[in-house]
Amino acid sequence: MLTDSVEEGSLPNRFRALWDEIAPVGRDEGSGGYLRYALTEPELRLREWFRGQADRRGMPVTEDGNGNLFARWGEPTAGDAVLTGSHFDSVPHGGAYDGPLGIVSAFLAVDELRAAGVAPARPVVVGAFVEEEGARFGVPCLGSRLLAGEITVDRAAGLRDAGGVSFAEALGARPAGARPELLGGFAAFVELHVEQGRAMVDADAPVGVASAIWPHGRWRFEFTGEGNHAGTTRMADRRDPMLTYAFTVLAANKEARLRGAHATVGRVAVEPNATNAIPSKVTGWLDARAAEPQTLTGLVDAVRAKAAERARRDGTEVALTEESATPLVAFDGGLAERLAALLDAPVLPTGAGHDAGVLAAHLPTAMLFVRNPTGVSHAPAESASDADCAAGVTALARVLEELTCR
Ligand code: GLV
Ligand code: MN
Ligand code: MN
């Protein structure tokens, strides 16, 4: 049952009170960003917090064998539940809102509906998906992909973090994989998320509705050369993979700009990583995204070709591996229009990936965005005002009422 503190005060204040419960968890005092990697201590504490919140609301929690948590309000056998929620995990030194906002807002939306005496004809389920960012095991939306059968159990189980720990080890069991009977129990999924750009600042709107997610993916470039002495190896004799890597980063930037696409190399590993040694190997991860699938394919093909050509000139070798690929997601147009009309909210596409993008191929899915005044995300400056977060909760409650009562 709800405690008085949840029921008291204005919605922005109640949002702040609940938000403050999780705000310190996994926060790095130096950067002000969050280190909430999937199934590590801070994320496990947030999962415990989730169970506590569900418990105080009398919502039984189930785990799907893949690391995803579900708290249910309503009759479990109804079979047409509306799922809402998001994820707790962060990118390294990520912002506070990407993920947790959708979970905190979901619990508060349940509170709003209950306080208004709404008795949904269908269950509402609050979900917390595991490893959405792929920051620990490399594949984004790992929990939703497993649940939907969009990654094999073998591959997911064997993914390893930087310390060599496998996903199965971190989970404590081999993942269960596809759960069609569980997914089939959901009539719709609505993920509320902080906006990750400035479109809603420009639109002067606190809440928006998603139309689409750009196709995107991650590619690992491994550049191999010859490790050698920085002081004694003549420039002409070097086979330096750092040069091929550097050229490839510039080529990715240029090819993306030429196509109106996005390309980022935000992660690099150098071996042996010594100031006075020519590297033997450099690994760079390309994140590429575009509005159209053919633009994305053209971009990655062009970067691959330029890297290979440069490797020939540098006397190095390059190998390319696709680590994940997410196709274009067009959210259910009828649902998006219905929710936009209900909320009088703008409809906008995004270049960011979400569990909603994975589940959209399996059930009617929508996303709500909450305005982010900085427009910054995946960095500590990500933000949202308490008033806008409250507007997000109100919008989500209206959407849940619309989908569960009509
Ligand atoms: C997830 O936030 C992504 O877009 O990479
Ligand atoms: Mn993110
Ligand atoms: Mn997210």
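Just follow the structure's listing: the first ligand is 1, and inside any ligand the first atom is 1.
Taking the six-membered ring for Trp and thresholds of 30 and 60 degrees, W19 and Y97 have nearly parallel ring planes, at less than 30 degrees apart. Note: F88 and F50 have perpendicular aromatic rings, judged against thresholds of 30 and 60 degrees for the angle between ring planes.
Considering backbone and side-chain N/O of G353, one or more are found under 3.5 Å from N/O of ligand 1.
At most 12 non-hydrogen atoms from other residues, nucleotides or ligands lie less than 6.0 angstrom from CD of E317. Within a 6.0 Å sphere centred on CZ of R198, heavy atoms belonging to other residues, nucleotides or ligands number more than 12.
Shown here are the protein N/O/S atoms lying under 2.8 Å from the Mn ion (ligand 2), water excluded: D98 OD2, E133 OE1, E133 OE2, H378 NE2.
Close approach of ligand 1 to A352 is summarised as follows: ligand atoms under 4.0 Å from at least one heavy atom of the residue are 4 (O). Taking every non-hydrogen atom of H378 and a distance limit under 4.0 Å, the qualifying atoms of ligand 1 come out as 1 (C), 2 (O), 3 (C), 5 (O).
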*asked:* Could you go through T248 and R310, starting from their C-alpha distance and side-chain angles, then the distance that decides it, and tell me whether this counts as side chain to side chain contact (heavy atoms under 4.5 Å, CB included)?
replied: CA-CA 8 Å; T248 303; R310 177 73 199 205; 5.5 Å; no

_Stepwise side-chain hydrogen bond (donor to acceptor under 3.5 Å, both in side chains) test for D287 and H216_ = CA-CA 7 Å; D287 177 311; H216 58 281; over 6 Å; no

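The main-chain N or O of A17 is never found under 3.5 Å from a side-chain atom of N13 such that the two would form a donor-acceptor pair.
The closest approach between a heavy atom of H216 and any atom of ligand 1 is not below 4.0 Å.
Taking the six-membered ring for Trp, F186 and F70 have ring centres closer than 6.0 Å.
Comparing H87, R289, Q196, H193 against atom 5 (O) of ligand 1, the shortest heavy-atom distance belongs to R289.
Under 4.0 Å from ligand 1, the heavy atoms of E133 that appear belong solely to its side chain.
With sequence neighbours excluded, the residues forming a ring-ring contact (aromatic ring centres under 6.0 Å, His included) with H262 are W214, listed by chain and number.
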